[in-house]
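The next block holds one structure in the form of structure tokens; read it before the comments.
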Amino acid sequence: MTEELLLELKDIHVSYGSIAAIKGICLEVYRGEVVTLLGANGAGKTTTMRTISRLLKAKSGSILFKGSDITNVPAHKIVAMGISHSPEGRRVFGTLTVKENLALGSYTRKQIDPQRLAWVYELFPRLQERSRQLAGTMSGGEQQMLAIGRALMSKPELLLLDEPSLGIAPILVKEIFRQIRQIADSGVTVLIVEQNARAALKLADRGYVLEVGKIVFSGTSGELLGSAKIQEAYLGKK
Ligand code: ATP
């Protein structure tokens with residue numbers, strides 16, 4: 001791991017109307033890391049991810065990417081800058097084929113890069129097998145692979161993964177976590193939100209714990225896995 005600070009959130013506040021969802025978050029992600037954001041339902045994880053990819057506007061605070069202030073950069077430019085978001089709930093285009101979905105992921109690069117496509121197919125062989133299948137007819141796990149593959153098509157330096165294991169059969173969850181490891185090993189920095197805290201911490205280098213819009217705990221994955229408080233609140237029984 002290098003010591004280059006890739007992403008920095010400084011005292012970010014986000015509200016939905018009068019409801020404050022994020023109340024002053026500070027967070028750092030270094031290049032090459034896998035960092036996980038843990039927390040109960042409604043803690044603000046998705047809101048944080050959407051704020052980073054600029055789908056939501058921060059009320060105050062700043063976001064820096066590679067040292068540049070991106071707090072007011074529009075979402076479409078964020079992708080071109082090197083941040084890609086695989087959203088919660090997958091959101092693939094059901095009436096388009098797998099390959100067409102992947103092509104949409106590369107829209108910032110004008111046309112599909114055959115090398116990149118080959119890499120995504122190597123990571124997710126099932127997408128290659130099903131390249132002509134309509135995305136809407138794929139299983140939940142396959143659609144998740146497609147959402148991640150699509151996010152990779154724009155060659156991100158930072159990949160935001162929101163709940164990649166949600167609603168997926170356990171056997172595919174293992175496969176997807178293996179694939180995320182491979183993505184990270186290829187040099188892509190990953191920020192991942194996961195309900196499955198234990199699996200996320202096994203994958204990640206570090207983690208942050210959110211409670212009602214605030215970070216209440218942060219540390220290395222080992223520290224978080226070893227903490228009695230975290231075990232009780234988020235890890236349950238082995
Ligand atoms: P989950 O794991 O359930 O997705 P989360 O940690 O991702 O939870 P968020 O979806 O970020 O949580 O929600 C944070 C808070 O903001 C919650 O109280 C939620 O009810 C609220 N919230 C989220 N989206 C909206 C919205 N569109 N309008 C109003 N409030 C919202």
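In listed order, ligands and their atoms are each counted from 1.
Here Arg54 contributes atom CZ and Ile78 contributes atom CD1; the two are 6.5 Å apart, rounded to the nearest 0.5 Å. The structure places CG of Leu152 at 11.5 Å from CZ of Arg150, a figure rounded to the nearest 0.5 Å. Rounding to the nearest 0.5 angstrom, the gap separating the CZ atom in Arg31 from the NZ atom in Lys66 is 6.0 Å.
Comparing heavy-atom distances from atom 6 (O) of ligand 1 across Glu194, Glu88, Lys45 singles out Lys45 as nearest. Proximity annotation for atom 18 (O) of ligand 1: of Gly213, Gly42, Gly44, Gly42 comes nearest, heavy atoms only.
The shortest non-hydrogen separation linking Gly219 to Leu224 is O-CD1, 3.7 Å. Nearest approach of Asn101 to Phe93, heavy atoms of both residues: OD1-N, 2.8 Å. Of all heavy-atom pairs between Val120 and Gly149, the closest is CG1-CA, 3.8 Å. Between Thr189 and Gly32 the shortest heavy-atom distance is OG1-N, 2.8 Å.
Of the polar atoms of Ile19, none of the N or O atoms is found under 3.5 Å from an N or O of ligand 1, judged by distance alone.
Each of the atoms 15 (C), 16 (O) of ligand 1 lies under 4.0 Å from some heavy atom of Ala21. Listed by number with element, the atoms of ligand 1 under 4.0 Å from a non-hydrogen atom of Ala40 are 6 (O).
At least one heavy atom of Gln195 sits less than 4.0 Å from an atom of ligand 1. Not a single heavy atom of Gly17 sits closer than 4.0 Å to an atom of ligand 1.
Of all protein heavy atoms, the one closest to atom 26 (C) of ligand 1 is Tyr16 CD2, 3.4 Å. Regarding atom 10 (O) of ligand 1, its nearest protein heavy-atom neighbour is Thr46 CB, 3.8 Å. Of all protein heavy atoms, the one closest to atom 9 (P) of ligand 1 is Thr47 OG1, 3.5 Å. For atom 3 (O) of ligand 1, the closest non-hydrogen atom of the protein is Asn41 OD1, 3.2 Å.
Between the side chain of Gln143 and the main chain of Ala135, a donor-acceptor pair closer than 3.5 Å is present.
Put simply, atom 13 (O) of ligand 1 has protein non-hydrogen atoms near it, under 4.0 Å away.
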